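Below, read A as the first sequence line, B as the second, and so on, with proteins coming before strands; counting in each chain starts at 1. Keep in mind that the numbers below use all heavy atoms, side chains included, and drop hydrogens, waters and symmetry copies. Note that this is a predicted model, so its numbers are computed, not measured.
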2 protein chains.
Amino acid sequence: MSREITFGNYLQDKGLKGTQQRDEVADLFLKADRHFSVEELYRRVQKSDPRIGFSTVYRTLKLLVEAGLATERQFGDGFTRFEPVHREEHHDHLICIKCGKIVEFKDDRIEELQNGVAGKHNFRVTDHKLELYGYCNRCE
Amino acid sequence: MSREITFGNYLQDKGLKGTQQRDEVADLFLKADRHFSVEELYRRVQKSDPRIGFSTVYRTLKLLVEAGLATERQFGDGFTRFEPVHREEHHDHLICIKCGKIVEFKDDRIEELQNGVAGKHNFRVTDHKLELYGYCNRCE
DNA sequence: GTTGATTTTGAATTTCATTTTCACTATAAT
DNA sequence: ATTATAGTGAAAATGAAATTCAAAATCAAC
């Protein structure tokens with residue numbers, strides 16, 4: 001009986017209104033399927049509709065997070081970044097500290113070991129973050 | 001011929017001055033051997049010497065990072081946290097999202113797998129961050 | 001131990017990403 | 001269409017972090 005999770009459905013379920021701005025921001029964000037700082041997404045949004053404001057991009061991104069369609073991350077450069085959630089699977093990041101390139105990866109064995117560690121400390125893990133910082137082959 | 005890495009030696013090598021304030025801040029920080037937000041360390045410093053300012057705590061913490069005696073971390077609560085570096089070994093964190101408890105752990109097998117992943121993507125990893133978020137047994 | 005060039009201090013100010021405000025507009029249920 | 005409610009965007013506010021600057025402290029050379 002559960003509906004598909006879409007931004008539109010989320011808004012409706014919460015009694016929030018669907019607006020042209022929200023749709024545009026969400027579309028651009030979700031279809032690009034990569035990491036965005038608010039600034040980056042704002043610039044992209046501006047190109048397709050210059051009348052959409054910074055606040056709206058911010059607010060929409062937060063709604064997407066609430067809806068479970070985006071996650072918020074800090075890579076330590078002072079800017080919060082958002083990324084679309086791929087419903088299938090979790091992933092982690094390799095970050096080049098020179099050029100900023102971000103590569104996603106996934107390793108089931110690492111996740112297993114993580115659960116083992118958490119168990120040893122009597123934690124129930126609900127989320128995790130693994131980031132590897134270094135130099136990509138171009139910057140090396 | 002390399003000298004021991006101490007804060008005093010670092011300052012001297014860089015032509016910086018050793019001051020009472022720096023010593024106090026560094027001492028309290030290093031000997032406490034736990035995570036601090038700047039605010040937290042500032043409060044502790046205030047108790048032993050109320051005339052030491054916020055900026056000095058900030059600046060000293062940054063110097064400690066430069067000296068390799070502290071690392072800077074973001075746990076996503078909006079405050080930068082600093083922790084003394086234990087020269088022996090790297091460690092990761094288990095964080096309770098209810099009470100804020102932070103447990104350190106280390107798992108060599110995870111580190112090995114990380115290096116494997118990085119290699120596959122032609123990255124040379126210089127640092128990494130692994131954080132497991134969840135509920136500790138008390139908050140569960 | 002005094003000097004004096006230079007660095008550090010700390011209160012206050014500034015910065016800057018993010019959040020909030022508020023007058024106005026758009027949405028959607030009736 | 002009306003109306004109650006929520007959303008918008010420009011501007012202002014917020015708050016953690018960085019910076020400024022006059023006064024104070026440090027330290028190498030005397």
Side-chain angles (χ1 to χ4, degrees), chain A residues 7-29 35-67 70-82 100, chain B residues 7-29 35-67 70-83:
Chain A
F7 191 40
N9 286 347
Y10 175 78
L11 294 175
Q12 224 174 319
D13 292 350
K14 287 277 178 181
L16 302 174
K17 290 175 180 170
T19 69
Q20 208 177 303
Q21 291 95 321
R22 283 176 175 171
D23 289 347
E24 274 188 68
V25 173
D27 274 4
L28 282 172
F29 174 71
H35 300 82
F36 278 107
S37 67
V38 182
E39 172 78 32
E40 284 167 346
L41 183 57
Y42 174 65
R43 280 203 298 270
R44 183 168 290 213
V45 165
Q46 282 285 298
K47 280 186 201 160
S48 84
D49 187 344
R51 293 174 316 167
I52 293 179
F54 213 86
S55 324
T56 296
V57 176
Y58 250 109
R59 286 187 280 229
T60 305
L61 244 8
K62 286 182 70 180
L63 285 171
L64 285 163
V65 171
E66 285 171 31
T71 54
E72 209 172 330
R73 310 197 83 101
Q74 300 272 151
F75 291 134
D77 60 354
F79 296 87
T80 299
R81 282 162 182 276
F82 294 83
Chain B
F7 192 39
N9 287 347
Y10 175 77
L11 294 176
Q12 226 175 317
D13 291 350
K14 286 279 179 180
L16 303 173
K17 290 175 179 169
T19 69
Q20 209 176 302
Q21 290 93 323
R22 282 177 176 170
D23 288 348
E24 274 189 66
V25 173
D27 274 5
L28 283 171
F29 175 71
H35 300 81
F36 279 108
S37 66
V38 181
E39 174 76 32
E40 284 166 347
L41 183 57
Y42 174 66
R43 281 203 297 269
R44 183 167 290 214
V45 165
Q46 282 284 297
K47 281 186 200 157
S48 84
D49 187 344
R51 293 174 316 166
I52 293 178
F54 209 85
S55 323
T56 298
V57 176
Y58 243 108
R59 287 187 280 227
T60 305
L61 245 8
K62 287 182 71 181
L63 284 171
L64 285 162
V65 171
E66 285 171 30
T71 54
E72 208 172 330
R73 311 197 82 99
Q74 301 270 152
F75 291 134
D77 61 354
F79 296 86
T80 300
R81 282 162 181 276
F82 293 83
E83 65 176 302

Exercise. B:Phe7 versus B:Thr60: any side-chain heavy-atom pair under 4.5 Å?
Worked result: yes
Exercise. Does any residue of residues 52-59 of chain B have a heavy atom under 4.0 Å from DNA chain D, and if so, which ones, in number order?
Worked result: B:Ser55, B:Tyr58, B:Arg59
Exercise. The helix from C:dG1-D:dC30 to C:dT30-D:dA1: angle between its terminal axes, five pairs each, to 10°?
Worked result: 30°
Exercise. Does A:Gln20 CD have over 12 foreign heavy atoms under 6.0 Å away?
Worked result: no
For this session: Walk along DNA chain C from 5' to 3' and tell me the first and last nucleotide with an atom closer than 4.0 Å to a non-hydrogen atom of chain B.
Result: C:dT6 to C:dA12
Exercise. Does A:Leu61 reach the side chain of A:Val57, with side-chain heavy atoms less than 4.5 Å apart?
Worked result: yes
Seminar exercise, completed: Taken to the nearest 0.5 Å, the spacing of B:Phe54 CZ from B:Arg59 CZ works out to 12.0 Å
For this session: Check whether any side-chain heavy atom of B:Arg22 sits under 4.5 Å from a side-chain heavy atom of B:Leu16, and report yes or no.
Result: yes
Exercise. In whole angstroms, how far is the C1' atom of D:dG7 from the NZ atom of A:Lys62?
Worked result: 15 Å
Exercise. Can you name the closest pair of heavy atoms from A:Lys17 and A:Leu11 and give their distance?
Worked result: O-CD1, 3.8 Å
Exercise. How many angstroms lie between CD in B:Glu83 and CZ in B:Phe36, if you round to the nearest 0.5 Å?
Worked result: 11.5 Å
Problem set entry | Distance-minimising heavy-atom pair for B:Leu28 and B:Ser48 | CD1-OG, 3.7 Å
Exercise. What's the spacing between A:Arg73 CZ and A:Thr80 OG1 if we round to 0.5 Å?
Worked result: 12.0 Å
For this session: Rounded off to whole Å, could you give me the CZ-to-C1' distance for the A:Phe7 and D:dG7 pair?
Result: 12 Å
Problem set entry | A:Leu63 side chain near A:Glu66 side chain, heavy-atom distance below 4.5 Å | yes
Seminar exercise, completed: Sorted by position of nearest nucleotide on DNA chain D, 5' first, the leading residue of A:Thr60 and B:Arg81 is A:Thr60
Seminar exercise, completed: Assign each of B:Arg22 and B:Pro50 the nucleotide of DNA chain C bearing its closest heavy atom; nearer the 5' end lies the nucleotide of B:Arg22
Problem set entry | Reported CD-to-CD distance for the pair B:Gln74 and A:Gln74, which is rounded to 0.5 angstrom | 5.5 Å
Please enumerate all protein N or O atoms sitting under 3.5 Å from an N or O of nucleotides 22-26 of chain D, with distances to 0.1 Å.
unit_1	atom_1	unit_2	atom_2	d
D:dT26	O3'	B:Gly18	O	3.4
D:dT26	O2	B:Lys17	NZ	2.7

Exercise. Please give, in whole Å, the distance from D:dG15 P to B:Asp77 CG?
Worked result: 15 Å
For this session: Could you tell me the separation between the CD atom of A:Gln12 and the C1' atom of D:dG7, rounded to a whole number of Å?
Result: 16 Å
Got a list of side-chain donor-acceptor pairs under 3.5 Å for residues 38-46 of chain B, not counting sequence neighbours?
unit_1	atom_1	unit_2	atom_2	d
B:Glu39	OE2	B:Arg43	NH1	3.1
B:Glu40	OE1	B:Ser37	N	2.8
B:Tyr42	OH	B:Gln46	NE2	3.3
B:Gln46	NE2	B:Pro50	O	3.2
B:Gln46	NE2	B:Ile52	O	2.7

For this session: Could you tell me which residues satisfy salt bridge (Lys or Arg N to Asp or Glu O under 4.0 Å) with B:Asp49, sequence neighbours excluded, listed by chain and number?
Result: B:Arg51
